[in-house]
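What follows is a set of notes on a single structure, which appears directly below.
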Amino acid sequence: MLMKSLLHYTENHRYCVYRDFCLSSLDSKMLSSVYQPMVGAFAISLYHLLFQQVPIDKLGYSRAEQQRRLFMTLGLEPSEKGRKLLIEQTSRLEAVGLLQTSRIYVPEHEDYMYEYELQAPLSPAEFFNTQHLTLLLRDKIGKFAVLWLREELWSKEPEEWAGSTANNKENISVAFYDIFELNTHVIDYELEQALSEVSTARQPGMAGIEEDGELNYADIILRFPKESVNRKHVEKLRFDHEQLGIVNYVVRKYDLSVQDMCRLLDEDGIFGTDGNLLLDELQHQANLQFRQGKRRQEQREVLAGKVVSFRQAAAEEEKDSPPPLEHAVQMEYYVDVPVQFQSKCDVHQYNMMLRNEPYTKLLKTFFPGSVPDNLIDIFEKIDLSYKLPGEVINVLIHYLMSLLTSGGSDQRINRNFVEAIASNMLLKQVSTYEKAVHYIREQSKVKGKQAASGASRSTRTYGGKTTKAKPEIPIAQEQGSSHDVTEEEYEEMLRMAAEMQANKSKGGV
């Protein structure tokens with residue numbers, strides 16, 4: 001338990017206990033024979049005391065009470081010495097994975113309350129496969145005692161059974177739907193709502209990771225280094241939801257993990273002098289992290305030969321992830337679906353993707369294999385330097401891809417061309433999705449008029465007759481010889497070539 005001041009942890013503070021399991025006989029034996037030699041008898045007694053706060057035939061939360069009950073039951077004095085001892089014992093339980101302690105700030109009372117979340121003991125197989133726990137147990141009781149405990153907790157198979165199960169074992173179990181048949185034609189919404197309301201699972205926000213996949217304060221502060229200079233600024237994110245929203249925006253935009261974001265928040269220059277996040281610098285560092293991760297991922301794919309499996313896993317992950325909050329698009333601002341997407345999505349889905357997806361994910365849809373680095377460089381500069389909104393960049397990408405599919409040459413889609421369009425958008429203050437759609441429609445009209453005027457300039461009218469402005473110049477066509485060369489003609493050609501060579505040699509001399 002990380003505690004800076006003992007005044008924040010007293011017998012007057014309230015607490016509650018949460019658990020979602022019950023102890024079996026094997027769990028009790030693991031606690032007494034394996035965990036107790038590592039953490040001590042007092043810590044295991046505290047574990048049992050917290051376990052009994054929730055009724056034995058129920059799961060969930062206990063009543064909120066003052067911690068004076070824990071002090072009195074454990075025989076501890078409500079003093080500084082007793083607080084230090086209780087903090088030490090809870091820390092031992094937390095270190096071996098039996099307890100997780102959380103501190104909750106209550107604004108109404110301007111004070112803290114504590115939540116003790118109990119974890120079930122590991123099974124013998126899981127415990128002895130965990131190296132650091134096994135080594136700690138060896139240091140406490142010795143190597144031979146560890147081997148004896150492992151044999152004691154494992155019941156071997158019969159001798160006549162050994163060796164014959166690997167090759168001759170056949171699964172003859174019956175599947176669920178082979179026996180039972182469910183009425184799936186009727187959906188009982190009242191039952192589903194009632195089950196969700198009385199669910200025994202943790203409520204969103206109480207656990208470390210939220211259900212929508214976004215990071216909360218507990219995710220970050222749990223992994224953030226204590227000695228970091230930016231620690232004091234990160235701790236302020238607990239009550240600053242706007243700054244935490246910026247963090248989640250960058251996490252989703254560049255597909256970062258919790259560890260990646262903690263490393264970025266630990267960099268110099270991420271926070272200003274007032275303690276607020278600098279979005280531009282954070283996006284710059286996150287983009288570098290994104291590019292490096294992309295290169296490393298490509299190298300791993302080439303070396304491992306798992307490109308197909310990686311794409312399938314990414315598709316399944318995107319399919320299973322819950323949809324984020326989306327902004328609707330009015331039908332008057334719909335754009336046409338490109339040719340390569342017409343068989344994959346309709347016009348509604350495509351326009352919603354343009355309006356809500358980050359440009360990094362949109363580029364992946366146009367380039368399923370790997371997005372070219374030069375394109376990433378171009379749109380990275382537009383995003384970080386030009387400060388165009390994400391939906392405007394998406395419309396720009398749609399416009400460029402439409403030029404490619406409509407017959408435009410590849411040489412037009414280069415850095416100067418794209419930056420010229422982005423600069424024009426910035427000059428005309430194109431800052432919303434609707435303005436961007438209006439802009440590309442106007443550009444398409446201008447290009448159509450230019451093409452029509454170019455065609456009209458190639459013809460002229462004289463006296464009611466239309467003639468071409470430039471005469472057609474006939475081009476000599478290569479034709480095959482009408483007859484074969486005879487031997488006399490061939491010898492004459494050789495003689496003339498020899499004379500030309502001799503004259504050339506005399507002229508050089």
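Just so you know, residue 1 is the first one in the sequence shown, and it goes up from there. As the structure is a prediction and not an experimental result, all values here were calculated from the model.
- Side-chain atoms of Glu151 do not come within 3.5 Å of backbone N or O of Leu147 as any donor-acceptor pair.
- Lys381 has a carboxylate O that lies under 4.0 Å from a charged side-chain N of Glu419, or vice versa, which qualifies the two as a salt bridge.
- Nearest heavy-atom pair, Ala422 versus Ile382, reported as atom, atom and distance to 0.1 Å: CB-CD1, 4.0 Å.
- Asp240 contributes no side-chain N or O that, together with a main-chain N or O of Lys236, makes up a donor-acceptor pair within less than 3.5 Å.
- Between Asp260 and Arg263 a salt bridge is recorded (basic side-chain N to carboxylate O distance below 4.0 Å).
- Taking every heavy atom of both residues into account, Pro372 and Asn374 meet most closely at CB-OD1, 3.1 Å.
- Counting only heavy atoms from C-beta outward, the side chains of Leu282 and Leu264 approach each other to under 4.5 Å.
- The environment of Glu267 atom CD is dense: over 12 non-hydrogen atoms of other residues, nucleotides or ligands sit within 6.0 angstrom.
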Inset, instruction - Could you give me the CA-CA distance, side-chain angles and deciding distance for Phe21 and Leu118, then say whether side chain to side chain contact (heavy atoms under 4.5 Å, CB included) is met? - result: CA-CA 9 Å; Phe21 65 95; Leu118 295 178; 4.0 Å; yes

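- Under the 30°/60° scheme for interplanar angles, the aromatic rings of Tyr18 and Tyr61 are found to be tilted.
- The number of heavy-atom neighbours closer than 6.0 Å to NZ of Lys140, taken from other residues, nucleotides and ligands shown, is 12 or below.
- Counting heavy-atom neighbours within 6.0 Å of Glu77 CD, excluding the residue itself, gives a total of 12 or less.
- Checking side-chain atoms of Thr365 against main-chain N and O of Leu362 turns up a donor-acceptor pair under 3.5 Å.
- Here the closest heavy-atom approach between residue Ala286 and residue Leu256 is recorded as CB-CD1, 3.9 Å.
- Salt bridge Lys84/Glu88: absent, no basic N to carboxylate O contact under 4.0 Å.
- Side chain of Thr90 to main chain of Ile87: a donor-acceptor pair is present (N/O by atom type, distance under 3.5 Å, no hydrogens or angles).
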Inset, instruction - Output, in order, the C-alpha distance, side-chain angles, deciding distance and verdict of side chain to side chain contact (heavy atoms under 4.5 Å, CB included) for Val250 and Leu279. - result: CA-CA 9 Å; Val250 176; Leu279 178 59; 4.0 Å; yes

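- To the nearest 0.5 Å, the span separating CG on Asp139 from OG1 on Thr134 amounts to 11.0 Å.
- A donor-acceptor contact under 3.5 angstrom links the side chains of Thr101 and Glu94, judged on distance only.
- Note: Tyr112 and His8 have tilted aromatic rings, judged against thresholds of 30 and 60 degrees for the angle between ring planes.
- One N or O on the side chain of Asp27 and one on the backbone of Ser24 form a donor-acceptor pair closer than 3.5 Å.
- Between Pro358 and Arg252, the shortest heavy-atom distance links the atoms CD-NH1, 3.5 Å.
- The neighbour count for Lys156 NZ, taken as heavy atoms of other residues, nucleotides or ligands under 6.0 Å away, does not exceed 12.
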Inset, instruction - Take Tyr47 and Tyr35 through the ring-ring contact (aromatic ring centres under 6.0 Å, His included) test and state the conclusion after the steps. - result: CA-CA 11 Å; Tyr47 181 87; Tyr35 283 95; 8.1 Å; no

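- Looking only at atom types and distance, the side chain of His13 has a donor-acceptor partner in the side chain of Thr10 under 3.5 Å away.
- Note that CZ of Arg415 and CG of Leu375 are 9.5 Å apart. Values are rounded to the nearest 0.5 Å.
- In the displayed structure, Gln259 atom CD is contacted under 6.0 Å by more than 12 heavy atoms of other residues, nucleotides or ligands.
- Contact of the Leu153 side chain with the Met30 side chain is registered, since non-hydrogen atoms from C-beta on lie closer than 4.5 Å.
- Under the 4.5 Å side-chain criterion, counting only non-hydrogen atoms from C-beta, Leu122 is not in contact with Phe128.
- Counted by atom type alone, Gln53 and Tyr15 present one or more donor-acceptor pairs between their side chains at under 3.5 Å.
- Checked against a 6.0 Å centroid threshold, the rings of Tyr114 and Tyr9 count as neighbours.
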Inset, instruction - Before giving the answer on side chain to side chain contact (heavy atoms under 4.5 Å, CB included), spell out for Val34 and Leu137 the whole-Å C-alpha distance, their side-chain angles and the decisive distance to 0.1 Å. - result: CA-CA 7 Å; Val34 178; Leu137 183 60; 3.9 Å; yes

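- A distance of 9.0 Å separates CE of Met261 from OG of Ser257, quoted to the nearest 0.5 Å.
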Inset, instruction - Output, in order, the C-alpha distance, side-chain angles, deciding distance and verdict of side chain to side chain contact (heavy atoms under 4.5 Å, CB included) for Leu59 and Cys22. - result: CA-CA 8 Å; Leu59 305 176; Cys22 282; 4.1 Å; yes

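- Between the CD atom in Gln283 and the CG atom in Leu288 there is a gap of 12.0 Å [rounded to 0.5 Å].
- The shortest side-chain heavy-atom distance between Thr432 and Pro389 does not fall under the 4.5 Å cut-off.
- Of the possible polar contacts, none joining the Thr130 side chain to the His132 backbone as a donor-acceptor pair under 3.5 Å is found.
- Counting only distance, with no hydrogens or angles, the side chain of Gln89 and the backbone of Leu46 share no donor-acceptor pair below 3.5 Å.
- In this structure, Asn287 contributes its side chain and Glu380 its backbone to no donor-acceptor pair below 3.5 Å.
- Using a 4.5 Å cut-off on side-chain heavy atoms (C-beta onward), Glu152 and Lys29 make contact.
- For the 3.5 Å distance criterion, the side chains of Tyr433 and Asn351 qualify, holding a donor opposite an acceptor.
- By the 4.5 Å heavy-atom criterion applied to side chains, Lys435 and Ser431 are counted as neighbours.
- By the 4.0 Å N-to-carboxylate-O rule, Asp383 lies close enough to Lys253 to be salt-bridged with it.
- Rounding to the nearest 0.5 Å places CD of Glu434 at 8.0 Å from CD of Glu391.
- Checking side-chain atoms of Lys232 against main-chain N and O of Val229 turns up no donor-acceptor pair under 3.5 Å.
- A distance-only check finds a donor-acceptor pair linking the side chain of Arg19 to the backbone of Val54 [under 3.5 Å].
- Side-chain contact check for Ile221 versus Leu237: every heavy-atom pair is 4.5 Å or farther apart.
- Of all the heavy atoms in Pro124 and Leu26, the pair that sits closest is CD-CD2, 3.9 Å.
- By the 6.0 Å contact criterion, CG on Asp268 is open, its count of non-hydrogen atoms from other residues, nucleotides or ligands being 12 or less.
- Looking only at side-chain heavy atoms (C-beta outward), Leu50 and Leu70 come within less than 4.5 Å of each other.
- In this structure, Arg231 fails the cation-pi test against Phe224, since its NZ or CZ atom is not both closer than 6.0 Å to the six-membered ring centre and inside 45 degrees of the ring normal.
- For the atom pair OG of Ser91 and CG of Leu99, the computed distance is 9.0 Å after rounding to the nearest 0.5 Å.
- Residues Leu265 and Ile220 approach most closely at CD1-CG2, 3.9 Å, considering heavy atoms.
- A donor and an acceptor atom, one from each side chain of Asn12 and Arg68, are located under 3.5 Å apart.
- Listed by first then second residue, pairs satisfying ring-ring contact (aromatic ring centres under 6.0 Å, His included) with a partner in residues 260-284 read His233-Phe271, not counting sequence neighbours.
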